[in-house]
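Written out below as structure tokens is the structure these notes cover.
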Protein chains: 2
Amino acid sequence: MARPRTAARTVEHPDLSDVSLQQVLEALVDPVRRGLVLQLSRAGEDKSCGTFDAPVSPSTLTHHFNVLREAGVIRQYYQGTAKMNTLRADEMERRFPGLLSSVMTAATRSAAGVA
Amino acid sequence: MARPRTAARTVEHPDLSDVSLQQVLEALVDPVRRGLVLQLSRAGEDKSCGTFDAPVSPSTLTHHFNVLREAGVIRQYYQGTAKMNTLRADEMERRFPGLLSSVMTAATRSAAGVA
DNA sequence: GCCCGGCTTCGATGGTGGTCGTACTATCGA
DNA sequence: TCGATAGTACGACCACCATCGAAGCCGGGC
């Protein structure tokens, strides 16, 4: 059948009002996922899944991105074969003021070898 | 042997500089523990373990208090047969600025039935 | 001295989640 | 059309942790 050339696989994202504190904390409690968020935060621009540095296999990486997306922490979209990732920082700040930023601040410091 | 009348069982507390972000997040990710911290925060004064409202057995409660103490979130001391609990809010604020407060704010809102 | 209430320790158990490899799909470039 | 590259779906495995009940300890009050 004539599948349009611009198939543009889409990705489902939760409305942040449907995301619970529990979900966000569960997403951020895993050090690998915190690492991903941190890299995304530092990059200052969207990053494709493959450009992240993480000590896990590709399939595990997919799992972590799914968790982050379902927790409303990141937004994902396809760009060719690549799946791009963006932080939903502003929305998160509105939904859970200070939460993501304080975690990222603390994560940055520990990543800097301060402790 | 002549054990002093003021035996005063003591409790070990970590220096907050020895506490990692990971530990704190793991402590706060459990809803029961968040509930305990929230009740302590609201009380405005020290509370003994037995005065908390939690849907778990006494032995499990002990476990949760241990986790919170080892994560530096609370301070504990004996007062007769009771074990009292205090929030180490100020210290936590210095070690992880905004973290505990943002989690508590969010927890308060969800507890208020906002979502 | 004795008991009771408050909390702890211990061991067992069950569920959940992070991990992987394999096989698969989708897109792009030659 | 054929690879090659990017990421996914699935199933299995394993470790960890929240949970409990039973038994015990400790301090206070009678």
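Naming convention: chains lettered A, B, ... in sequence-line order (proteins, then strands); numbering from 1 in each chain.
Geometric assessment of K83(B) against the ring of F65(B) yields a negative cation-pi assignment under the 6.0 Å and 45° thresholds.
Nearest-nucleotide mapping onto DNA chain D: of A82(A) and V67(B), the residue sitting toward the 5' end is A82(A). Mapping F65(B) and H64(A) onto DNA chain C by nearest heavy atom places F65(B) closer to the 5' end of the strand.
Within the hydrophobic cluster formed by Ile, Leu, Val, Met, Phe, Trp and Tyr side chains joined at under 4.5 Å, directly or through other members, V67(B) stands alone, with no partner residue. Other residues sharing the hydrophobic cluster of Y77(A), ordered by chain and number and joined by side-chain separations under 4.5 Å: M84(A).
In this structure, CG in L99(A) is found 10.5 Å from CZ in R95(A), a value given to the nearest 0.5 Å. The distance from atom CG of D30(A) to atom NE2 of H64(A), rounded to the nearest 0.5 Å, is 4.5 Å.
The shortest distance between the side-chain N/O atoms of R9(B) and the OP1/OP2 oxygens of dC26(D) is not below 4.0 Å. For S48(B) and dG6(C), the shortest distance from a side-chain N or O to OP1 or OP2 is not below 4.0 Å. At least one side-chain nitrogen or oxygen of K83(A) sits closer than 4.0 Å to the OP1 or OP2 atom of dT8(D). One finds a side-chain N or O of S57(B) lying less than 4.0 angstrom from the OP1 or OP2 phosphate oxygen of dC20(D). Remark: T60(A) is in phosphate contact with dC20(C), judged by side-chain N or O atoms under 4.0 Å from OP1 or OP2.
Between Q76(B) atom CD and dG6(C) atom P the separation is 17 Å, expressed in whole Å. When the C1' atom of dG6(C) is taken as reference, atom CE of M84(B) falls 13 Å away, rounded to whole Å. In this entry the distance linking CG of D30(A) with C1' of dC16(D) reads 13 Å, nearest Å. Taking atom CD of residue E12(A) and atom P of nucleotide dA9(D), one finds them 13 Å apart after rounding to whole Å. Q79(B) places its CD atom 11 Å from the P atom of dC7(C), with the value rounded to the nearest Å. Atom-to-atom, CD of E70(A) to C1' of dT8(D) comes out at 13 Å; the value is rounded to the nearest Å. One interatomic measurement links the two molecules: CG of L28(A) to P of dG18(C), which rounds to 12 Å at whole-angstrom precision. Taking atom CG of L61(A) as the reference point, atom P of dG7(D) lies 8 Å away to the nearest angstrom.
Smallest separation of non-hydrogen atoms from E12(A) and R69(A): O-NE, 3.2 Å. When all heavy atoms of S20(A) and F96(A) are compared, the pair lying nearest together is C-CZ, 3.7 Å. The shortest non-hydrogen separation linking D53(A) to Q39(A) is O-NE2, 2.7 Å.
In this structure, V32(B) reaches the sugar-phosphate backbone alone: every heavy-atom distance under 4.0 Å involves primed, P, OP1 or OP2 atoms, never a base.
Across residues 33-45 of chain B, R33(B) each have a non-hydrogen atom less than 4.0 Å from an atom of DNA chain D (numbered order).
Judged purely by distance below 3.5 Å, without hydrogens or angles, the side chains of T60(B) and S57(B) pair a donor atom with an acceptor atom.
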Protein and nucleotides 9-11 of chain C: nitrogen or oxygen contacts under 3.5 angstrom:
none

With the criterion being N/O to N/O and under 3.5 Å, what pairs connect the protein with nucleotides 11-13 of chain D, and how long is each?
none

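Using a 4.5 Å heavy-atom cutoff, the side chains of Q23(B) and L25(B) are not in contact.
A donor-acceptor contact shorter than 3.5 Å is absent between the side chain of N85(A) and the backbone of Q76(A).
In this view, R88(B) and E91(B) satisfy the salt bridge (charged side-chain N to carboxylate O under 4.0 Å, His left out) rule, not counting sequence neighbours.
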